[in-house]
Each structure stands twice: as structure tokens, then as C-alpha cells.
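The structure under discussion appears below in the form of C-alpha cells.
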Amino acid sequence: MQRSGIRHLMELAMLDPTAIRLELGEPDVPTPPHVVEAAAQDARDGHTGYTSSIGSLELRTALAQKVGECNGLAVGADDVVVTHGAMHGLAMAINATMGPGDEMLVPDPEFPNWRMAAAAVGVDVSTYPARAEAGFVPTLADIEAAITPRTKVILVNSPNNPTGAMYPAEVLAGIVDIARRHDLWVFSDECYEAITFGAEHVSPASFDTDGRVVTFFTFSKTYAMTGWRLGYVVTRDPSVHDLLGQVAEATVACPSTVSQRAALAALRGSQEDVVRAVASYRRRRDAAVALLDTRGIPYVMPEGAFYLMVDVSRATPDSEEFALALLRDRHVSVSPGSAFGAGGEGMVRVSLASDEAAILAGLGRLADYVDAWQAEREAAVIAVGTSAQLG
């Protein structure tokens, strides 16, 4: 199991108190005050004991209603499993549906934690390409071509981390159809479902006719609740639901009761904080790409999530080398594209969940560094050519 390149840059940046931090995908706004207050009151009222391993019935009922209203999925409380964050849910689902030697297909670029969760239980990971020139949206032909006899799961992530791509409805419907024809599961990571910039978010499960789509949600991004560690899985397959409960019992006993109470307050309370946060991410995206346009730095326009993939290959095709040097020399921390697989090489991921002034300052330094690096390389080439002529 290899460490995430995101975390490596994060830990290095933490040692530099002057660094502009653009490497980590964490909302820069606090958890909504009404959520914090409700959770604190519930804790004082004694909601601090165990719940069911799959979460309280009250929360699962509320989540089933939310999924029906927001995602168009007709499910009940018995189709929902509350988890210790979305990654915990995904790791449990890998454990419940696959075993050593089985294979999971993920998009390239990929979120590295998917691969780490698979490696923990001996599951192999292969990729299907999501190319920058196509806005990081994969083709159905490429996905189907990547399937092998060992494939058990196609993983989909829209809005996407790290690219911000959103898959059109026809692509998602096609993926579900491919899975049906090859008798595969579809794992749909929808952590960024609420963070979209004009494009409509579509859940692949809306095209599911036989319960093969398993969907993963979280409170972390939508409600700025990263540290509360609460997510949920929606599955219409009773056997998967039961296995998730057993794995949860063996790993965390049950999700945090206080966090479950906070989740209820988030669902039932005002959504104005979410609306304001999404609007702020869109403003930051627009300001960031305007700066990059002015400086002539290529990028791929994101339609959702809060990330921006920036092309730094004019300086060097080695994105890790660039990210480490940018932190060392210009005190700006970004995630190297190589941390997300071969499809991200030559690019870096910039988090838009940071203060706008910091984003613009950091991107300005990045652009300066690309220009300086390119100029230095061109000067070296000229020097070598001059030396050769003199020789």
C-alpha cells in the first residue's frame, strides 16, 4: 500500500509556517453553527451511547428521504448504512463484494485512497482513461475495453476528485448498462454531489434496475464536517446491506452518535450555508482561471467539486518534482498530478477550498515559477548549443 502523494505534500507544508496551502481538499468555512449547537445540546441530553452498527433508524430514515428528494432514488431506511465517513463505507463495500485477486476499475486520474482501500484486502486496481483533452470525462468504449475476467467493480466519481469533471447523464447510463451486460457492480462516489457549477449532478443509481449500483455519500464536503467523520452508503441489495453492517460491527462498532445527531441537524436545518459555500467556490474558480488565462497557463475547467487541474508541463513534465520545488522555493503547496496516476502527470491539483486571496497569490507564484523554470531551461539549451558550435 503506497502513501498518498497528497498527504506527503501536506505534511511537508505543515513544516513551513509561511506556505500558502492549496494542496488539501478541505472546506475553509466552519461547520454551520446550528449543526454544532444541536450536536452539543444532544450530547448534553445524553445522546452519547451506542447505536446500531448501521446507524440510528431516525438518521437512516432522514437520509432515505434526502436521497429521494435530492438524488431521485426511491429507497427506504433499510437501504441506508451510516458510516464513519465515505471512505469507510467504500472500504467496507470493497470488503463485502470482492476478495483477493478480484479487480476494481477506477478512472485515471484517480483518488489514491481508493487504491489503498483495495490493497488492504488484496483487491487489484486497474484504470480506465479520463483524458484531459476530453475534460477528464471517460468514454464508454475505453471503460468497456478495460474490463477483464477478474473485474468485479467499476468505480465512478462525479463530480470528480481530482479533476472537477462531471459525467453527463448519457455516460453514467452507459456505464450502468456496461455493468449490467458484464454482471459487475458500480460503485458511485458522490462526495461532491452538492458542489456543482451549473451542470446537473446525476446519480448513476437512477439508471439502476437490478440493485447493482452502490452509492457513497458524505457530510464532509457539503456541510464542512470533515472532522465529524460521517458518511452513508445506499444499496438496494439486501445481502450487501447486511454485510456492510457486519463489517461495521467488526471495525467501528457503530458510527459516532454525536456525529449522527449533528447530521440530523444538518439535514433538517437551513441549507443557506451550503448555498453560500458553493457560490464562493464558483467565484474562486472563475477568479483562478481568469488569472491563469492572463498568465498563459493551461488548465482544465472544472464543473464541480472544488479542485482545479493546472498544466505545469511547460516547466517540467515531472509534477512531483515541480510540487516539491514550488513548496521549497516559492512556499506554495499543491498536490502533484502524479499522486492521482499517470493521467495526472504534468499537472498539479489546486484546491479551491482555500481563501480566494491565497488562491490568487499562490497561482501567481506558480505562474512566475513556470516562467522562470522555462526560461532557465531554454537558457541551458542555448548554452549547450553555443558550446557545441564553439567546439
Side-chain angles (χ1 to χ4, degrees), residues 3-10 21-28 85-91 104-118 125 127-132 134-138 154-167 171-172 186-197 199 201-204 215-226 229 231 277-278 281-282 284-285 288 299-310 319 323 333-345 347-354 359:
R3 290 200 65 203
S4 164
I6 309 168
R7 290 280 169 172
H8 179 54
L9 261 295
M10 179 192 79
R21 303 286 302 279
L22 304 179
E23 84 285 353
L24 196 60
E26 180 169 30
D28 66 331
M87 266 311 306
H88 177 233
L90 198 143
M104 179 170 71
L105 288 181
V106 305
D108 177 19
E110 66 186 72
F111 180 52
N113 293 35
W114 301 328
R115 186 178 292 267
M116 295 169 70
V125 174
T127 62
Y128 56 87
R131 298 179 177 86
F136 290 116
V137 175
I154 302 173
L155 188 145
V156 179
N157 177 216
S158 175
N160 184 269
N161 177 12
T163 68
M166 291 188 65
Y167 298 178
V171 171
L172 296 171
V186 175
F187 284 3
S188 181
D189 181 343
E190 300 183 28
C191 290
Y192 298 91
E193 56 166 333
I195 305 172
T196 64
F197 309 133
H201 169 68
V202 179
S203 292
T215 311
F216 306 88
F217 299 98
T218 183
F219 284 82
S220 293
K221 313 302 183 181
T222 302
Y223 296 103
M225 293 175 63
T226 53
R229 305 313 306 136
V278 173
Y281 300 142
R282 184 168 190 165
R284 298 173 202 184
R285 180 203 65 170
Y299 58 86
V300 177
M301 177 70 85
E303 293 188 307
F306 42 56
Y307 304 108
L308 176 64
M309 292 293 281
V310 181
S319 59
S333 181
V334 295
S335 295
S338 59
F340 308 100
E345 188 57 283
M347 309 186 85
V348 295
R349 189 194 74 172
V350 173
S351 172
L352 300 173
S354 304
I359 293 170

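A quick note: this is a predicted structure, and the numbers were derived from the prediction, not measured.
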Supply the atom-to-atom distance [X] [atom1] to [Y] [atom2], rounded to the nearest 0.5 angstrom.
| X | Y | atom1 | atom2 | result |
| --- | --- | --- | --- | --- |
| Leu105 | Tyr128 | CG | OH | 8.0 Å |
| His201 | Leu172 | NE2 | CG | 8.5 Å |
| Leu22 | Leu9 | CG | CG | 11.0 Å |
| Ile154 | Ser188 | CD1 | OG | 12.0 Å |

What are the two closest heavy atoms between [X] and [Y], and how far apart are they?
| X | Y | answer |
| --- | --- | --- |
| Ile195 | Pro159 | O-CG, 3.9 Å |
| Ala288 | Leu352 | CB-CD2, 4.2 Å |
| Trp114 | Met87 | CD1-SD, 4.2 Å |
| Ala86 | Thr218 | CB-CB, 3.8 Å |

Contacts of type side chain to side chain donor-acceptor pair (under 3.5 Å), residue [X], not counting sequence neighbours:
| X | answer |
| --- | --- |
| Ser203 | Asn71, Glu190 |
| Tyr281 | none |
| Ser335 | none |
| Glu345 | Ser319 |

Listed by chain and number, what are the salt bridge (Lys or Arg N to Asp or Glu O under 4.0 Å) partners of [X], not counting sequence neighbours?
| X | value |
| --- | --- |
| Arg131 | Asp142 |
| Arg229 | none |
| Arg284 | Asp28 |
| Arg282 | none |

Before you tell me yes or no, could you show the steps for Phe111 and Ile6 under side-chain contact (heavy atoms from CB on, under 4.5 Å), namely the whole-Å CA-CA distance, both residues' side-chain angles and the distance that decides it to 0.1 Å?
CA-CA 10 Å; Phe111 180 52; Ile6 309 168; 4.3 Å; yes
Would a 4.5 Å heavy-atom cut-off, applied to side chains only, mark [X] and [Y] as touching?
| X | Y | result |
| --- | --- | --- |
| Pro27 | Thr226 | yes |
| Leu155 | Phe216 | no |
| Ser333 | Met10 | no |
| Phe197 | Met166 | no |
| Pro112 | Phe340 | yes |

Mark yes or no for whether Lys221, through its side chain, and Gly25, through its backbone, hold a donor-acceptor pair below 3.5 Å.
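Side chain of Lys221 to backbone of Gly25: a pair is present.
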Output all residues satisfying side chain to side chain contact (heavy atoms under 4.5 Å, CB included) with [X], sequence neighbours left out; order by chain, then residue number.
| X | answer |
| --- | --- |
| Val125 | Met104, Val106, Arg115, Ala118 |
| Asp108 | Thr127, Ala342 |
| Asn160 | Pro107, Asn157, Pro162, Thr163, Ala165, Tyr167 |
| Pro302 | Arg285, Leu308 |

Chi angles and distances behind the side-chain contact (heavy atoms from CB on, under 4.5 Å) call for Val350, Tyr299:
CA-CA 10 Å; Val350 173; Tyr299 58 86; over 6 Å; no
